[in-house]
Amino acid sequence: MELKDTYRTIDAPSEEILFKEKNSKFYGYAFPVSKEEEIKTHLEHLKKRHFGAVHFCYAYQIGTDNITFRANDDGEPSNSAGMPIYGQIQSFELTNVLVVVVRFFGGIKLGVGGLISAYKTAAQMTLEASAIIEKTINIRFVITFDYKNINKIMRIIKEKNLEIISQKMELSCKIEIAARKKNAEMIFSIFDTMFEISINKID
């Protein structure tokens with residue numbers, strides 16, 4: 001079995017979508033996120049933008065190996081909003097994404113079934129309007145070596161197509177690199193067997 005080292009996410013915040021159901025308006029948004037602190041910022045921004053909206057329901061999923069997710073009904077009946085939104089994140093097979101559906105109540109109650117359907121549709125339309133991309137899961141290493149070995153190191157980085165995240169070139173040099181998860185062990189052992197060079201994985 002090949003190790004899965006890619007994941008699907010969205011490239012940029014989506015366009016605003018609008019879904020109407022019995023006078024209620026549902027505005028959908030999707031945002032790329034990589035940590036939970038970002039969720040609050042996006043919600044605060046939307047609350048300023050949609051002053052007077054009744055519900056800001058959302059779901060998010062973050063992570064590839066250790067998944068963090070949450071579905072929030074924000075005052076709608078239990079599981080009628082957050083879970084249908086989260087269901088769409090799962091059905092599009094996305095992670096590192098936040099989907100928010102903002103509801104303006106139109107005076108007619110939709111019932112739980114109607115709400116589930118409306119939030120699901122708004123979330124689906126939002127994700128269909130988003131640019132979905134595939135990214136690689138990378139493992140990061142820091143390589144420490146003497147400056148005299150720089151050519152050897154650079155040659156391998158180039159040959160193996162490794163991404164350099166940062167570098168510090170002095171008498172003792174440090175380069176932080178990223179390797180695709182499925183190649184990580186091989187990359188580690190190449191540098192690990194070299195003389196006068198140390199490599200450590202960054203967690």
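The chain is numbered in sequence order, starting from 1.
- Note on ring orientation: taking the six-membered ring where Trp is involved, the planes of F188 and F141 are tilted (angle from 30° to 60°).
- Placement of Y58 and Y29 within a single hydrophobic cluster is found when ILVMFWY residues are connected by side-chain heavy-atom separations under 4.5 Å, directly or transitively.
- Ion pairing between a basic and an acidic side chain is recognised when a charged N comes within 4.0 Å of a carboxylate O; K148 and E196 show such pairing.
- At a cut-off of 3.5 Å, with distance as the only test, a side-chain donor of R103 or S24 sits close to an acceptor on the other residue.
- Within the cation-pi definition used here (under 6.0 Å to the ring centroid, within 45° of the axis), K47 qualifies as a partner of F56.
- In this structure, a donor-acceptor pair under 3.5 Å is present between the side chains of Y60 and E36.
- Within the 3.5 Å criterion, the main-chain N or O of K135 finds no donor-acceptor partner in the side chain of T6.
- A salt bridge links R49 with E16: the closest approach of a Lys/Arg side-chain nitrogen to an acidic carboxylate oxygen falls below 4.0 angstrom.
- Of the charged side-chain nitrogens involved, at least one lies within less than 4.0 Å of a carboxylate oxygen, so that K181 and D65 count as a salt-bridged pair.
- A donor-acceptor pair is defined here as one N or O able to donate and one able to accept, closer than 3.5 Å; no such pair exists between the side chain of D5 and the backbone of I137.
- Here the NZ atom belonging to K35 is positioned 10.5 Å from the CG atom belonging to N96, to the nearest 0.5 angstrom.
- Outside the 6.0 Å centre-distance limit, the rings of F105 and H55 are not counted as a close aromatic pair.
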